[in-house]
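Some notes on the structure that comes next.
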Amino acid sequence: MEPKITEKAWEPKLEDAILKKWDDEKLYDFKLQDENYTIDTPPPYPSGRPWHIGAASHYSQIDMIARTARMNGKNVYFPIGIDRNGLPVELYTEKKHNIRMRETERGEFLNLCKGALDDLEAEMIQIMKSLGLSGDFKNYYRTDSEEYRKFTQETFIDLWKKGVIYLATRPNNYDWVSGTTIADAEIVYDDLPTKLVYMKFIVKDEQKEIIIASTRPELLCACKTVIVNPDDERYSNLIGKNLVVPLTNKEVKITPHHSAKIEFGSGAVMVCSYGDQNDVALFRELQLEEVIAIGLDGRMTEAAGDYQGLKPKQARTKIIEDLENANLVEKIEDISHRTPLSERSKIPIEIVPMEEYYLKQKDSIEKMKRLGSEIEFYPNMHKQILMNWLESISIDWPISRRRFYGTEIPIWYCNECSEPFVPEPGKYYRPWKDSCPAEKCEKCGNTEFTGEDRTFDTWMDSSISPLFVTKFNRDDEFFKKTYPTGIRPQAKDIVRTWLYYTLLRCEKLTEQKPWSEAWIMGYGLDEKGMKMSKSKGNAIDPLPVIQKSGADTFRFWSASEINQGYDFRCSEQKIESTKKFLSKLWNVSRFLSSFPIIESGKLTDSDKWILSELDKLISVCNEGYSKYNFFIPATALREFTWNIFAAQYIEIAKARAYGIGFDDDERDGAIFTLHKVLSTILKLLAPITPFITEHLWLTLYSKNSIHKEQLPKIENVEDMTNMTQAIVEFNSKVWNEKKKNNLSLKDSIRIEIPDNLNQFKKDLIAMHNLETS
RNA sequence: GGGCUCGUAGUCUAGCUCGGUUAUGACGUCGCCCUUACACGGCGAAGAUCCGGUGUUCAAAUCACCGCGGGCCCA
């Protein structure tokens, strides 16, 4: 019989046609049933956050979760979304058009951002599709759509009514030249010359002074404590004593803290609100009460006393003079200091407390711990990231951002009495351009309002993804049947943010956990072991790799190379060499395609042996799949297909399958077994390599997609796997003997078959053309 | 600076829970071989002080402690 398959190797270009076929047949369209398995797919961000080979690998594996669940009989809801809110696109847009956000009309700036996102998103969707993701692309959502933002605002209004939102000050990076807060990503550092002033602080009730060096003497008025290293013997007897701050004459305590460097300055450091980020951390950690020393105009506030109204630099000069006049300076050094500057204006930033909205979270920590413990993590070790984070939360969640491209905070303020007005849910509000829905202020009756111009932290949007995709508050039937969702797949680095905030938000809104399982993936590293990211420039673009090697090759590489939850190195050479396995599978199939498909036959012991190995394989694969660990089935399938099935069994059964020296029943037993094994392998492999398995399945076995099949179950056949080693060793011995004696493989040779292989005697004689005595 | 996490050949990995042959398999490298499913193949070889040290033990990749290194998150 002529083989049905004639090409000598798997051609990745066939993937396009298969994709089209799936699309035409609406193979993965979701229809709501009573029981559904919902995947809370991470919506990728089209700029800034990395989209590279590691991310492509991540999404491939998420698709394997979907396909595995489908082949286990679940009705899978696999939504696709794109996360489009946040800072990175703003920075990208500013750079691309050489403009500044604050100096551009807001509507115009938003349009430019949208345009940039659209371009980047199109490319991203193309990658996801060509990877073979079986998600719901027709209905893919965007977190900046009117519907999504309306939903974010609704959930905020709900929280507002529940009284868990409040205002408090929070230190912001502030650029007083442009009058804006700036994000950490917009800070650059430069070494600038400055004066390190050694000031005399008096130890209270003792005739002693200690020297404290600072580059920011103008912040003396905001000094709340002095820290010394607990190992610093010079100060160990002063810990807990009070110091008198020069000029202000206020008293502060000496506190031990490891962040004080013994060798820097005098070893004692004054902590002020706020000289640098370390001060911010210390104020929080030591629960100090902040003093607002520098105002939004970039000048010293009334807290600075005589220095009020001066710019920090002028105040510094004046203060140094006054200190010197009062004989409170020991010495002044000229040093070079690493100073944080605004990327735009190039002036040193100040850290200024400003009012921000907070969402209460500290009182939910115990509840979060309980929910966290109820969620199954894959791998379990990464649950620790969440639990450690819960242990270390010390402040509530600041949710407002002074940015443009995000969901607007739906609040207006009365122009007269500043009373906030929060509208009813049901509409997408843009207070920076919409007029206030209220006629007049509820408190004072005034009719003029000013809209809030801030937006939410992007995690406010993305943390409700499981509620959005399950149509919470929008379609009760749909929601009931899909929530809590089945699984949250996501990357390790955002457990503390996305995973935690989702838990928090969903619990507050639904009093339930958002999913019963969380699947945590590691990061893609480059060949040197560094995390891949666009900003570092070491990211490998996945598209050319997929186009060259094919999605299945890429997917099999991902499954077989990446241990669950661990970071993984990406090497194009390894991806390329993975193709060989698909080639092997292809050629096994090509060989089998020359034999008819038959329903049964008389099984010999060789057949029973490979079927028992197959049973073991099914068991291992299902075990791996049940833990969403694709490394296990991928490596087990490769090992079995290549080294057991192709290298041993096919060679053993080949002569019998051709019917040379065997009767028809025996021949049929071989052909039946060959097809049984191959069709099982294809089904087991289908979640990992959906294209090649589909192609081979349709060519050999069925008119219907392999992705409609169920994963094979074990048949509990008699276990003969203890024979495997003896079989492999004997065959290897014969092949080596022939090689040593310069014999061709079909030449006859005299080698005795060991007694324990007697049951395979007939097959082995035919296989090796053994001379028998 | 703090926390977490990992550390087995050039690379990925099995073994570690519960200590016991020569440390598993794959990719890559090198050598030989076109044998009719497959040269994207077959056969074979080299390649690992199991991160280091100390301890427990007759015996440690495996257990304990102390380091070192990578990575991430937070600051």
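A, B, ... follow the sequence lines: proteins, then strands. Residue 1 opens every chain.
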How far does the [atom1] atom of [N] sit from the matching atom of [M], given to the nearest Å?
{"N": "B/G67", "M": "B/C73", "atom1": "P", "result": "25 Å"}
{"N": "B/U36", "M": "B/G42", "atom1": "P", "result": "14 Å"}
{"N": "B/U8", "M": "B/C51", "atom1": "C1'", "result": "10 Å"}
{"N": "B/A9", "M": "B/U29", "atom1": "C1'", "result": "12 Å"}
{"N": "B/A26", "M": "B/C18", "atom1": "C1'", "result": "29 Å"}
{"N": "B/C40", "M": "B/G28", "atom1": "C1'", "result": "15 Å"}
{"N": "B/A64", "M": "B/G69", "atom1": "P", "result": "22 Å"}
{"N": "B/U57", "M": "B/G7", "atom1": "P", "result": "27 Å"}

For [X] versus [Y], what's the shortest heavy-atom pair and its separation?
{"X": "A/T502", "Y": "A/S462", "answer": "OG1-O, 4.4 Å"}
{"X": "A/S606", "Y": "A/R656", "answer": "CB-NH2, 4.1 Å"}
{"X": "A/K4", "Y": "A/S593", "answer": "N-OG, 3.1 Å"}

Test: [X] and [Y] ion pair at under 4.0 Å:
{"X": "A/E623", "Y": "A/K627", "answer": "yes"}
{"X": "A/K369", "Y": "A/E391", "answer": "yes"}
{"X": "A/D747", "Y": "A/K738", "answer": "no"}

Counting the atoms with a prime plus P, OP1 and OP2 as sugar-phosphate, which does [X] contact under 4.0 Å by heavy atoms, base, sugar-phosphate, or nothing?
{"X": "A/S732", "result": "sugar-phosphate"}
{"X": "A/K654", "result": "base"}
{"X": "A/Y658", "result": "sugar-phosphate"}
{"X": "A/N736", "result": "sugar-phosphate"}
{"X": "A/F631", "result": "sugar-phosphate"}
{"X": "A/A646", "result": "base"}
{"X": "A/K8", "result": "sugar-phosphate"}

I need the [atom1]-[atom2] distance between [X] and [N], as an integer number of Å.
{"X": "A/L499", "N": "B/C73", "atom1": "CG", "atom2": "P", "result": "16 Å"}
{"X": "A/I393", "N": "B/C73", "atom1": "CD1", "atom2": "P", "result": "17 Å"}
{"X": "A/M381", "N": "B/U17", "atom1": "CE", "atom2": "P", "result": "18 Å"}
{"X": "A/K738", "N": "B/G42", "atom1": "NZ", "atom2": "C1'", "result": "14 Å"}
{"X": "A/E651", "N": "B/C43", "atom1": "CD", "atom2": "C1'", "result": "13 Å"}
{"X": "A/H768", "N": "B/U35", "atom1": "NE2", "atom2": "C1'", "result": "13 Å"}
{"X": "A/D747", "N": "B/U35", "atom1": "CG", "atom2": "C1'", "result": "10 Å"}
{"X": "A/F556", "N": "B/C12", "atom1": "CZ", "atom2": "P", "result": "18 Å"}

Exercise. With distance as the sole criterion, do the side chain of A/K579 and the base of B/C40 form a donor-acceptor contact below 3.5 Å?
Worked result: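 Under the 3.5 Å cut-off, the side chain and the base do not form any donor-acceptor pair.
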For this session: Answer yes or no: side-chain N or O of A/S583 and base N or O of B/C40 forming a donor-acceptor pair under 3.5 Å.
Result: yes
For this session: Nearest-nucleotide wise, let me know which of A/I562 and A/F581 is further upstream toward the 5' end of RNA chain B.
Result: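 Result: A/I562.
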Seminar exercise, completed: Judged by nearest nucleotide, the residue sitting upstream toward the 5' end of RNA chain B, A/L592 or A/N388, is A/N388
Measure from the side-chain heavy atoms of [X] and tell me the nearest of [options].
{"X": "A/W642", "options": "B/G41, B/A26, B/C40", "value": "B/G41"}
{"X": "A/F591", "options": "B/C12, B/A26, B/A37", "value": "B/A37"}
{"X": "A/A9", "options": "B/C40, B/C38, B/U11", "value": "B/C40"}
{"X": "A/R638", "options": "B/A26, B/A75, B/A37", "value": "B/A26"}
{"X": "A/S577", "options": "B/G28, B/C12, B/A37", "value": "B/G28"}
{"X": "A/K580", "options": "B/A37, B/G41, B/C72", "value": "B/G41"}
{"X": "A/N643", "options": "B/C72, B/C40, B/G25", "value": "B/G25"}

Exercise. Does a sphere of radius 6.0 Å around NZ in A/K733 hold more than 12 heavy atoms from other residues, nucleotides or ligands, not counting ones at 6.0 Å or beyond?
Worked result: no
Seminar exercise, completed: The single option from A/Y628, A/F631, A/F630 that satisfies ring pair (Phe, Tyr, Trp, His ring centres under 6.0 Å) with A/Y378 is A/Y628
Problem set entry | Geometric class of the A/Y658/A/F591 ring pair [parallel <30°, tilted 30-60°, perpendicular >60°] | perpendicular
Seminar exercise, completed: Taking Watson-Crick and G-U wobble contacts under 3.5 angstrom, with | marking pairs to another strand and [ ] crossing pairs, the secondary structure of RNA chain B is written (((((((..(((.......[....))).(((((.......))))).....(((((..]....)))))))))))).
Problem set entry | Ring-face cation contact, A/W459 with A/R505, 6.0 Å cut, 45° max | no
Exercise. Has A/N563 got a side-chain N or O lying under 4.0 Å from the OP1 or OP2 atom of B/A14?
Worked result: yes
